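Notes follow the structure.
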Protein chains: 2
Amino acid sequence: MPLPSNLPPVLSPVITPFNSVGEPDSSRLIKQCHWLKKCGVGLAIFGTNSEANSMSKDQKLRLLDDLIDSGLNPDYLMPGTGACSIDETSELSQAAIKAGCAGVLVLPPFYYKDVSDEGLFAFFSQVIDRVADERLHIYLYNIPPVTKIPLSLSLLVRLKTKYPTSVMGMKDSSGDWSYTHSVIEELAPSGFQVYAGSETFLLQTLRAGGAGCISATANINPGAIAKLAQTWQNSDADDQQNALDQVRATFAKFPMIPAMKAAVAHFGHDPEWERVLPPLEELTNVQKKNLLTALQDINFSIQGL
Amino acid sequence: MPLPSNLPPVLSPVITPFNSVGEPDSSRLIKQCHWLKKCGVGLAIFGTNSEANSMSKDQKLRLLDDLIDSGLNPDYLMPGTGACSIDETSELSQAAIKAGCAGVLVLPPFYYKDVSDEGLFAFFSQVIDRVADERLHIYLYNIPPVTKIPLSLSLLVRLKTKYPTSVMGMKDSSGDWSYTHSVIEELAPSGFQVYAGSETFLLQTLRAGGAGCISATANINPGAIAKLAQTWQNSDADDQQNALDQVRATFAKFPMIPAMKAAVAHFGHDPEWERVLPPLEELTNVQKKNLLTALQDINFSIQGL
C-alpha cells in the first residue's frame, strides 16, 4: 500500500497572517512555514486554526502557489481542502495534488445538519471520483464541536474499504478518546493513520498505534511536541506529555486562535500577526497581558521566530 | 430611504436542478424561475432550499449569468450570497449587484461556532465596506437550526443603524415567533423588512407589520401563498392560512428539499428534478409513494409546470 511516507507524526494547522485589508499575507506565512518545518513539524495549512474557511478558494489557491514557489517541500504539506461543495473540495484537492502535497485534510460538508452517513459517504465518494487521481491522499477531518457533523466509525470503515489507496487516515478533533481509540483499533491495522486533534492525546495515540497529532499548539510549541513524537518510547515520555499539557492548558484559558497569534506576535516582535478575520476577534489588551503573564509563570517562550 | 420596491412579499428559495454529473442545470432552472415568477413570487435563488452551499462560487456565478441572460427581471431576484469568507461573500454580492438584483440574502459565517456579536458585526460591516456600492441591499439571513449562529436583535439594530441604506431587512428562519415579532416591533418602523422563513407565519407576520415570507414551500405552492400575501386583509385570510398550513404539514413529514424536488419531478413529468447533491439524499421509492398518496389525500397538485 503506497503511503505518503514523508509526513511527520506532528503537524501544525498553520495560523494565517492577514494584512490590514484582510488579505492573507504570503510572505509572513512563508517565513512561518519554514520556521515550523525547521522545528520538525509538518504543515497542515488551511485548517481550522488557519481560519481557512474565512478565506475564499481563490485566496487559498494563491497562498498555496506562493508557498510552493518559496521552495517549501510539499512532502510536508497537508492542506485543508474541504468545503461544503463537491466542486470546490475537488478543485482545491486537485490543486494540492498538482502542487505535490503529501496529503489533503477534508472536512465533511458542514452547512446542513443531521445528515446521514449515506449522504456523507456519497459526498466523499464523489470528491474522490471527481478528483480521479491516484496521487490523492485524503485524511478525513472529524471536528464535531465545530462542524456539528460527527464522522461515525462505520462511515470511516466504509470509505477506507471502498478507497483503500485514497483514504489514508484522519484527524480526530472530537476530543473523545474512546472514539479515537475505537478508530485506531478498528482501522490502524489496515494502514489508516489516526492523528489526534490535540497533543493532549499524543502519547495515548502513539501508544495505541495511531500516527501522531495535528494540533493547534504545534503553532507555538512545535519543537517540544515533535520531540515527544520522536521519543515517545523513552522513559521520560510521561514527563514530556505533562509539560506539553501545561503549555496547552495555559493557552486554552483564552480563545485559542487569537491567543496563538498574540504569542507569535509578541515573541516574534511583529504585531501584524495579531490580526484575525471576522467572525473571530483579537484578544483584548487585558487578555493579552494575562496571557503573557501566564506564559511567564510557566517559563514559556517561543524561540527563533 | 430608497427601497427595493419591486420585490414581492413572497419569495421562493428556488430549488436547483442538477444533471447526472452533479452540475447545476441552467435550462431547467430558467424554466422553473419563469414559472415561479408567473405564479407571483420573487426568486430567492441560492438559498438553503437551493442547495446553494453544495455549489461552488463558480457554479453560482455561471447560473446567475444564465438566469439574467434568459431575460429574467432582476427586480424579482434576491440571490443568497453569504459564505464563510468575507472575500467570497463580497464577490458574490458584487456579481448580484452587477446583474441588477433587487437584494441579496446574506448568511452569517457559519463555520466557527459560539462567535460573538462583535465578530458578526465586523463580518457584515467588512462585507458592506468591501462591496462599497450604494446599490447593495442586504437581507440578513437568520437560520440558527442550520447555521447554529443566531442573529441577536441587538446585532440587527446595530447593523441597521450603521448601514441604514444597505441593510434592508432579514429572512428569519428561527421558527421562533416571539423573536420574529420582537424584530418587527423594534425595526419595522425604520423600514427594516422582515420576511418569515415559512408561510406558517405569513399571516402573523403581515398583521404585525412584517414584509412577507421566503419559504421552501413557495417552490411547490407559490400561487396560493402569493394570494394570501395579496389578500391578507380579506375576511377569508385565516382560511387561506389554514389551507397553506395543510400543504406544508404534508411536505414537512418528509425531508423537505428532496420532497419538493420529487413533487416537481412528478407533477412536471420530469424525473431529472429528483436529483439532490450530497450530503442530501433523494427520497426512497417508499417515501415518494407515501408523499404522493398524502398529496392526493389533500387534493394537492402543481399546475402549469
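Labels below follow one simple rule: chain letters A, B, ... track the order of the sequence lines, proteins then strands, and each chain is numbered from 1. If you're wondering where the values come from, they're calculated on a predicted model, not measured in any experiment.
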Check each atom of [X] against the heavy atoms of chain A and say whether the ones under 4.5 Å are side chain, backbone, both or neither.
| X | result |
| --- | --- |
| I149(B) | neither |
| L92(B) | neither |
| P145(B) | backbone |
| T89(B) | neither |
| A122(B) | both |

- Task: Mind running side chain to side chain contact (heavy atoms under 4.5 Å, CB included) on K113(A) and T147(B) for me, showing each step along the way?
- Result: CA-CA 8 Å; K113(A) 304 301 183 291; T147(B) 57; 5.8 Å; no
Step-by-step side chain to side chain contact (heavy atoms under 4.5 Å, CB included) determination, K57(B) to D58(A)
CA-CA 10 Å; K57(B) 178 198 74 181; D58(A) 298 331; 2.4 Å; yes
Can E88(B) and K60(A) be counted as an ion pair, charged N to O under 4.0 angstrom?
no
So what's closer than 4.5 Å to chain B heavy atoms on [X]: side chain, backbone, both or neither?
| X | answer |
| --- | --- |
| L277(A) | neither |
| V276(A) | neither |
| D114(A) | neither |
| S125(A) | neither |

#### Entry: Plane angle bin for F110(B) and Y111(A) - parallel if under 30°, tilted between 30 and 60°, otherwise perpendicular
perpendicular
Quick one: does any side-chain atom of Y112(B) pair with a main-chain N or O of P278(A) as donor and acceptor, under 3.5 Å? no
From the list L120(B), L107(B), D129(B), the residue making the most non-hydrogen contacts under 4.5 Å with chain A is L107(B)
Max heavy-atom pairs within cutoff under 4.5 Å with chain A, candidates N53(B), I86(B), V115(B), L280(B), goes to N53(B)
Closest non-hydrogen contact found for E23(B) with D87(A) is OE2-OD1, 3.9 Å
>> Could you check whether E91(A) and S56(B), counting side-chain N and O atoms only, form a donor-acceptor pair closer than 3.5 Å?
In response: no
Q59(A) and S85(B) side chains, donor-acceptor separation under 3.5 Å
no
